[in-house]
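Everything on this sheet refers to the single structure shown next.
As a basis for the values below, the full set of heavy atoms in this structure was taken, side chains included, without hydrogen atoms, waters or symmetry mates. Every chain is numbered from 1 and lettered A, B, ... according to where its sequence line falls, protein lines coming before strand lines.
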Amino acid sequence: MSNSELFTSSIAKKYVMALTGLFLISFLVIHCTINSLIFVNDGGETFNEAAHFMSHNIVIRILEVGLFFGLVLHMVQSLILTLKNRKARPVAYAVAPSNESSKWYARSMGILGSLLLLFLVVHMSNFWVPTKQAVFADLEHNSFEAMKTVFAEWYFVAIYLVGVGSLSYHLMHGFQSAFQSLGLNHKKYTPVIKTVGFWFSIIVPAIFAAMPLAIYLGVIE
Amino acid sequence: MSGNMNLTLKVWRQKNAEQKGELVTYPVANISPDMSFLEMFDVLNEQLITEGKEPVAFDHDCREGICGMCSMHINGRAHGPNNGVTTCQLHMRSFNDGDTIVVEPWRAAAFPVVKDLVVDRSSFDRIIAKGGYISVNTGNAQDANNLPVPKVDADKAFEAAACIGCGACVATCKNASAMLFVSAKVSQLALLPQGKVEATERVQNMVRQMDLEGFGNCTNTGACEVECPKGKIILFSENFFSEMRRNFFLK
């Protein structure tokens, strides 16, 4: 095998999808943990401390660049794969296959991913851009106050709920599919991975969804 | 005869690979529930010949469910509504009097339509030619237990070897991916000591050809398993995929 096939082969492309996907999942764990600190309900003191650490720590900063490249790679690769898949069946069936083996979300990863991308544009402009501006201007940024401002608007809350909903379904297939794409299949461990993946894709988005809701409803002040 | 059926068929007619095709409606009468689906098509063709029309071209050979030649997409399902059988082993008792049945060829860029319901599946042959074999003579059959093979591996290899290369997996996959076919052909050899030696090169060469032929990518939805006429492959399909994916990067 030539080295270039490490990137061009269909199997290798799916490896890239899986590895970047799992990397993004690991980011979700960190993101969710840090943000859950708002539930301490101490006026955002603990949360802001953690946010300050995350935005000033050099290791985290380097990982952030890696995260950005991982995300871009995940998107570009999925686009290339989807286009190739479309080309593989130029004439559609008059009666479409029944698809009884899979759920709709497993067949809609591209649409769910696109929704997530749209959500990310809103999300980054809400929080990431202001934080960066503050860091570069050497100002202290109150992330908790920023959250309270954004989530005071019902339409932002709605957008965030749709966003984490898409995330949930995207993970529901993506989590276990990543292991399968890496060739990690085992009689004993695959059912464990599937169960963990199912609960991960419910619990993590649920915690994320609770944040805008709790702030909007005034549970957290 | 009582219990016989009158049906409406909508069959894909296409003169050749270049021209566009369309669904054409044909009524067929007095179909026995004991007929196989292909025998019902024989009746239709007799009828068309009598009327001075061109009979429908369709692939078939053994009509015993073992050769993998028949390839009809019936009412949105490869090989029709029953699980674990090829089109020739689908019988008309699976349908009801008055049914409308839509019959299409396998749809995939890598399986171009030759005529009507006949598709060119030589892309599979070209994949096999790239390594779906052992390249040295492995000699006569060994004495029992001379080459120890774990029972589990022997069983899996045997199930993989049950693949008849009909292409139903490609036909039903939303991405027209050939992963089930290729992984079965890889696993039937890679799981056994004689085939293990060349496992990685075999996977790489076969996957290279699979990509060249224009098959799509596997998105792990498992659609192929449902339509495979050799039911037992599905027990291990995820295993076969893994066998293939793991071997890919070993060298």
Worksheet entry | Distance-only donor-acceptor check, side chains A:Arg107 and A:Ser102, under 3.5 Å | yes
Worksheet, complete the sentence: Most contact-rich option vs chain A, by heavy-atom pairs under 4.5 angstrom, among B:Val203, B:Val207, B:Asn175, is B:Asn175
Worksheet item: Checking heavy atoms, do the side chain of A:Ser181, its backbone, both or neither come under 4.5 Å from chain B?
Response: both
Item to complete: Show the numbers, then the answer: is there a side-chain contact (heavy atoms from CB on, under 4.5 Å) between A:Phe198 and A:Phe175?
Response: CA-CA 8 Å; A:Phe198 175 79; A:Phe175 192 103; over 6 Å; no
Worksheet item: Are the side chain of A:Ser168 and the backbone of A:Val164 linked by a donor-acceptor contact shorter than 3.5 Å?
Response: no
Discussion item. Report which part of A:Lys87 has an atom under 4.5 Å of a heavy atom belonging to chain B: side chain, backbone, both, or neither.
Written reply: backbone
Worksheet item: Residues in ring-ring contact (aromatic ring centres under 6.0 Å, His included) with B:Phe95, at least two apart?
Response: B:Phe37
Worksheet item: Is a side-chain donor-acceptor pair under 3.5 Å present for B:Ser122 with B:Asp120?
Response: yes
Worksheet entry | Any residue of residues 75-86 of chain B which, by heavy atoms, sits under 4.5 Å from chain A | B:Asn75, B:Gly76, B:Arg77
Item to complete: Would you please name every residue forming a side chain to side chain contact (heavy atoms under 4.5 Å, CB included) with A:Leu120, sequence neighbours left out?
Response: A:Leu71, A:His123
Worksheet item: Quick one: what part of A:His173 sits under 4.5 Å from any heavy atom of chain B, side chain, backbone, both or neither?
Response: side chain
Worksheet item: For the rings on A:Phe119 and A:Tyr160, is their centre-to-centre separation under 6.0 Å?
Response: yes
Sequence neighbours excluded and cut-off under 3.5 Å, please list the side-chain donor-acceptor pairs for residues 97-106 of chain B, or say none.
from	atom 1	to	atom 2	distance (Å)
B:Asp97	OD1	B:Asn6	N	2.6
B:Asp99	OD2	B:Asn96	N	2.8
B:Glu104	OE1	A:Ala94	N	2.6
B:Glu104	OE2	A:Ala94	N	3.3
B:Glu104	OE2	A:Val95	N	3.2
B:Trp106	NE1	B:Cys166	O	2.8

Worksheet entry | B:Val170 portion near chain A, given a 4.5 angstrom heavy-atom threshold | backbone
Fill in: Ring-ring centroid check A:His31 A:Phe208, cutoff 6.0 Å
yes
Response to the item:
Counting heavy-atom pairs under 4.5 Å with chain A, the top scorer among B:Ala171, B:Ala223, B:Gly214 is B:Ala171
